[in-house]
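Worksheet for the structure shown next.
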Amino acid sequence: MSCFQCPDCGYVYNEAKGDAHEGYPPGMKFADLPEEFVCPDCAVRYKEDFVSLETSK
Amino acid sequence: MKVYKFESSDKGQITYRDKKRYLWLASMVYPLVAVSGIGLYMATGSEWSFLAPLVFIYGVSTLFDAIFGVDENNPPEELVPQLEEDRYYRWLTYFTVPIHYAVLFALAIFVGTQSVSLLSVLALAITGGIYSGLGLVTAHELGHKKSRLERNLAKIVQAVPAYGHFCLEHNRGHHRDVATPEDPATSRMGESIYQFVRREIPGAFKRGWKLENDRLERTGKNVWSFDNEILQSYAITAVVQLALIASFGWIMVLFLAVHNFWAWWQLTSANYIEHYGLLRKKEASGRYERCQPYHSWNANHVFSNILLFHLERHSDHHAHPVRRYQCLRDFPDLPSLPTGYFGMFVAAYIPPLWYRIMDKRLMALPHVAGDLDNVNVQPGKLEALLARYPKQTEVSDTLFHQAEAVAA
């Protein structure tokens, strides 16, 4: 499971946890998020702007 | 006064002292000016006193913007994280929330218990609306933050003017779509504020509800559940405003209707002037280019900024929407308004004056370069604007033909 970070505001999407508030369940892959996904905190970075942080085993 | 320090490997020690640290108290207490009219009325007995807060917001603040001029303080980027963490600044925003409620209650109790003319009731309702519009500035500052406390406070304060969809719509809608024709909260060149308001208020309402509906659908919840964050804020409004109507009778219906609308109109006014005519280009991917500093109008005037939690440093806000007010920076060569927001609101209310001030500023921006292709133009106004601002190629063609005619 990987984490992906918004390069502007630092929001982290953790695939293991998902994002309950946004309706993304635990285990949901970043790649499976909708294409129109924008950062839930700042809304000014698109999905393709996010950077992969690390891979945990 | 607190000094922030940072050891930079290439620049050595960087220090910064926030000269506005205590001036930010002004943003917190400013809404109290709304009740100054009542105080003056009690002292003088004249109902003209109720106009005092209106004179202050439009007249005095614009005059002080001219007197005190622009703000040269800029926190170094390296020290922004330290300023962000200084909790003093966020306490000021927290304390502003009850002040907005106190102002609404003071005005409502006065209207509900004193016998004054209908015109005075209207003046007090408009005053209340203008200063509850500032409640949306407070909600804006709080609602952009990540903590649950601040987001809940935003919901509470945006309930004062019954605008519960504001933060959600603004953060997820306006910031995503800003400076595009699709954004109902971005005004177009040639669009008067009276045309804009008919697009902005319903457009923002629909977008806010769609965003919340989509989110709740993903979570498997009903849009009419109490998890709906818009409904949470509307519920606070309903309790507060119905209690006022129950306490003071039908006069409150008139007072609150005018108060709420006027607060929305304040937001409309701010939206109108913040991105007038500015346009992000569409890229080959079909997405719009990222919002750039030249996609917002700024006013770097110190006086009105300390009343508005730095809202007028708008380019940096759009570049970093979660950045706290004390950290917002000014940059050279940004699109700039000639005075602070309140003075510009008055100009916006007189469309010929607005166009006269702003159209030439817009066309002179370096990225616009006099070309209407780089401008967000109101449909139906293009031809008239092209007559005034012809394409550069057409200008050169005309000059070429004129030169040919002279040579012949």
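Chain A is the first sequence line, chain B the second, and so forth, proteins listed ahead of strands; every chain is numbered from 1.
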- Message: How close do A:C42 and B:P321 get, counting heavy atoms only, and between which atoms?
- Response: O-CG, 3.6 Å

- Message: Please check if the number of heavy atoms outside A:D32 that lie under 6.0 Å from its CG is greater than 12.
- Response: yes

- Would you indicate whether B:K146, at its atom NZ, is surrounded by more than 12 heavy atoms from other residues, nucleotides or ligands within a distance under 6.0 Å? yes

- Message: If I compare all heavy atoms of B:H320 with all of A:D8, which pair ends up nearest, and what's the gap?
- Response: ND1-OD1, 2.7 Å

- Task: Please name the pair of heavy atoms, one in B:R215 and one in A:H21, separated by the smallest distance, quoted to 0.1 Å.
- Result: NH1-O, 2.7 Å

- Message: What part of B:H174 gets within 4.5 angstrom of chain A, counting heavy atoms only: side chain, backbone, both, or neither?
- Response: neither

- Message: Between A:V38 and B:H175, does the side-chain contact (heavy atoms from CB on, under 4.5 Å) criterion hold? Intermediate values first, please.
- Response: CA-CA 11 Å; A:V38 292; B:H175 273 266; over 6 Å; no

- Task: Decide if atom NZ of A:K47 counts as having more than 12 heavy atoms of other residues, nucleotides or ligands within a radius under 6.0 Å.
- Result: yes

- Message: Return the OH to CZ distance between A:Y46 and B:R287, rounded to the nearest 0.5 Å.
- Response: 5.5 Å

- Going by an N to O cut-off under 4.0 Å, is there a salt bridge joining A:D41 and B:K145? no

- Query: Among B:H318, B:R176, B:R290, which residue forms the greatest number of heavy-atom pairs with chain A at distances under 4.5 Å?
  - Reply: B:R290

- Message: Apply side-chain contact (heavy atoms from CB on, under 4.5 Å) to residues B:S285 and A:E48 and explain how you reach the verdict.
- Response: CA-CA 12 Å; B:S285 63; A:E48 62 266 30; 5.9 Å; no

- Message: Can you tell me which portion of A:Y11 sits under 4.5 Å from chain B's heavy atoms? Options are side chain, backbone, both or neither.
- Response: both

- Heavy-atom closest pair, residues A:C9 and B:V322: CB-CG2, 3.6 Å

- Message: With a 4.5 angstrom heavy-atom cut-off, is it the side chain or the backbone of B:E229 that approaches chain A, or both, or neither?
- Response: side chain

- Query: Is B:R172 salt-bridged to A:E22, going by a charged N under 4.0 Å from an acidic O?
  - Reply: yes

